[in-house]
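Predicted model only: the values in this text are computed from it and were never measured.
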Amino acid sequence: MTKKGKHTICIHEGEIKDTQFGGAVSPIFMASSYEYLDADPMRYPRYFNTPNQEVLGKKIAALENAEAGLPFASGMAAISTTLLAFLSKGDHIVLTNEIYGGAFNFVVEEFDKMGIEYSFTDGVDVADFEAKIKPNTKVVYIETPSNPLLTITDVKAVADLAKKHGLVSMIDNTFASPINLSPLDLGMDIAIHSATKYLGGHSDILAGLVAGSSAHINTIFQKGKNLGGNLSHMISYLLERSIKTLALRVEKHNTNAQAMAEYLEKHQAIAKVYYPGLESHTNHNIAKEQMHGFGGMLSFELNVGIDAVSFQKNLKLIKPSLSLAGVESTMLQPAITSHALLTPEQRKAVGISDSLLRFSVGIEDVEDLIADIEQALKRI
Ligand SMILES: *Cc1c(COP(=O)(O)O)cnc(C)c1O
């Protein structure tokens, strides 16, 4: 059978047929105990493979063009389990310098104790990755577009490098979502998602998803059983429901963010805009080549003299709040949140100015978002 389109996969892939009542949606199976006498002991439903969990594994596998997938209780459960599934004492990993704060903390706070070595790249050029590879390197880990500066890594170049050196390649594909980037098609081994973001999409659930080959997913499943980061049946159902509109939502996030980025770039009160869909973006050409859409995340710097906190307080529609990727637009100032513990000098070194704002562009009418920014700037 020919492969179905992304919207169809979002709605139907993996769904459980309600043979008892003929209902239109997957029933929720609440059991945590199942009959075992005639069951395959390897497939006994308990960990990561209860009926509602399996829906999600099948859906993310189809969306990522992978053989298999697994759900987790959070993005961090997915990341930590996947990393530990492929790294043991004495091994080494190369990671992009710009990764999600929680993943960064996990590596620097836990790996030393476990005897796992790590190196962060200096930038995103493939040469930066190659220079860090050592004889005991086992894994290369990237995240693109990055948070909060939307830096683009050449996914195929890193995947090719990993293949050349026999490394397992992993990507945190949260920011792009499987709709805007298909890393496995570009040669990556494993795609990881915080489904708390676009896959969930409504700022009300925590979940994680992983996709890869059957062999890799089985390795992660074995580690997951030891670590225990299972997703509940109720949240599994809510995530299945959310993913039904994923492709539709992401298309609107893409057009809204492109329009916002173009509007902000022309605005006299804005010093700089970071959005991979702008020709002014450093890696626009790579983004154009490897992404199906440029995503809903952008960052911008206010002109010197405009106070970022006052600006955010003036907003009436766009919510200054943590997290991202919901249907509603939200804004966050990294200097006083995610990067608050760095000194101003350290922030400057990683390109985060005090007036930088990260904007998760929602799916409202873009005219209303522009009007909100206009009025907030006028009242300063
Ligand atoms: C939020 C986020 C995570 C962590 O996910 P949780 O579901 O909050 O544990 C990982 N990676 C990226 C890029 C994120 O934005």
Side-chain angles (χ1 to χ4, degrees), residues 98 101 145-152 175 197-198 201-203 249-284 287 293-340 342-380:
E98 279 178 47
S146 74
N147 178 16
L149 293 175
L150 290 310
T151 307
I152 302 293
F175 264 42
K197 314 296 164 53
Y198 286 109
H202 296 72
S203 308
R249 283 185 281 112
V250 169
E251 282 175 7
K252 180 72 170 155
H253 282 292
N254 288 346
T255 50
N256 272 7
Q258 183 75 38
M260 281 306 313
E262 287 170 12
Y263 155 78
L264 290 168
E265 193 170 46
K266 286 196 206 99
H267 203 290
Q268 299 198 338
I270 309 299
K272 187 162 172 61
V273 181
Y274 299 86
Y275 184 64
L278 291 177
E279 274 176 34
S280 59
H281 188 282
T282 325
N283 311 118
H284 174 67
F294 297 113
M297 300 299 303
L298 64 88
S299 289
F300 63 97
E301 272 163 24
L302 295 165
N303 276 349
V304 181
I306 303 178
D307 179 55
V309 172
S310 312
F311 167 71
Q312 291 174 85
K313 285 192 172 158
N314 283 355
L315 293 167
K316 290 178 173 163
L317 186 62
I318 301 162
K319 294 189 180 82
S321 52
L322 302 176
S323 203
L324 58 109
V327 290
E328 67 287 328
S329 292
T330 59
M331 213 175 266
L332 166 155
Q333 188 181 352
I336 60 170
T337 54
S338 53
H339 294 70
L342 304 186
T343 64
E345 293 73 37
Q346 285 172 323
R347 277 198 292 273
K348 203 163 170 225
V350 292
I352 313 270
S353 79
D354 285 358
S355 70
L356 184 80
L357 290 165
R358 188 190 74 189
F359 188 1
S360 173
V361 182
I363 62 172
E364 299 94 339
D365 295 287
V366 74
E367 298 78 15
D368 294 331
L369 299 176
I370 288 175
D372 195 28
I373 299 214
E374 270 312 305
Q375 65 81 25
L377 284 169
K378 274 213 186 84
R379 290 197 295 130
I380 284 197

Check whether any side-chain heavy atom of Glu301 lies under 4.5 Å from a side-chain heavy atom of Tyr274, and answer yes or no. yes

Do the side chains of Arg358 and Gln333 get nearer than 4.5 Å, heavy atoms only? no

Enter the distance from Met260:CE to Leu369:CG here, rounded to the nearest 0.5 Å. 6.0 Å

Neighbour count >12 (heavy atoms, 6.0 Å) for atom NZ, Lys319: no

Decide if the gap between the ring center of Phe300 and the ring center of His267 is smaller than 6.0 angstrom. no

Any side-chain heavy atom of Leu324 sitting closer than 4.5 Å to one from Met297? yes

Would you mind reporting whether Ile318 and Thr330 have side-chain heavy atoms less than 4.5 Å apart? no

Contact summary for Asn254 and Gly296, nearest pair of heavy atoms: OD1-N, 4.2 Å

Under 6.0 Å between ring centres: does that hold for Tyr198 and His253? yes

Would you say Gln258 and Tyr263 are linked by a side-chain donor-acceptor pair, where the criterion is simply a distance under 3.5 Å? no

Assess the residue pair Ile380 and Asp307 against the criterion (side-chain contact (heavy atoms from CB on, under 4.5 Å)); give the C-alpha distance rounded to whole Å, side-chain angles, the decisive distance to 0.1 Å, and a yes or no. CA-CA 8 Å; Ile380 284 197; Asp307 179 55; 5.7 Å; no

Kindly indicate whether the side chain of Leu150, heavy atoms from C-beta on, has any atom under 4.5 Å from the side chain of Phe175. yes

Can you check ring-ring contact (aromatic ring centres under 6.0 Å, His included) on Phe294 and His284, steps first, answer last? CA-CA 9 Å; Phe294 297 113; His284 174 67; 5.6 Å; yes

Identify the heavy atoms of Gln312 and Pro320 that sit nearest to each other, and give their distance. O-CG, 3.6 Å

I need the minimum non-hydrogen distance between Ala335 and Ser353, along with the two atoms involved. CB-O, 4.2 Å

Please tell me if the side chains of Asn314 and Leu377 come closer than 4.5 Å, counting only heavy atoms from C-beta onward. no

Could you tell me whether the side chain of Asn303 and the main chain of Gln268 form a donor-acceptor pair under 3.5 Å? yes

Does the Ser146 side chain pair with the main chain of Glu98, one donor and one acceptor, at a distance under 3.5 Å? no

Under the side-chain contact (heavy atoms from CB on, under 4.5 Å) criterion, do Asn256 and Lys252 qualify, and how do the steps go? CA-CA 6 Å; Asn256 272 7; Lys252 180 72 170 155; 3.4 Å; yes

Of all heavy-atom pairs between Ser323 and Lys197, which one has the smallest distance, and what is that distance? OG-CE, 3.6 Å

Under 3.5 Å donor-acceptor, Glu364 side chain and Ser329 backbone: yes

Shortest non-hydrogen contact from Ala308 toward Ser355: CB-CA, 4.4 Å

4.5 Å side-chain heavy-atom contact, Phe311 and Leu357: yes

Can you find a heavy atom in the side chain of Met331 that is under 4.5 Å from one in the side chain of Ile373? yes

Determine the minimum heavy-atom distance between Ala261 and Leu298, stating which atoms define it. N-CD2, 3.9 Å

Using only heavy-atom distances, determine whether the side chains of Glu262 and Tyr275 contain a donor-acceptor pair under 3.5 Å. no

For the pair Arg347 and Leu356, evaluate side-chain contact (heavy atoms from CB on, under 4.5 Å) and give the outcome as yes or no after the intermediate values. CA-CA 11 Å; Arg347 277 198 292 273; Leu356 184 80; over 6 Å; no

How long is the gap from CG on Leu317 to CD on Gln375, to the nearest 0.5 Å? 9.0 Å

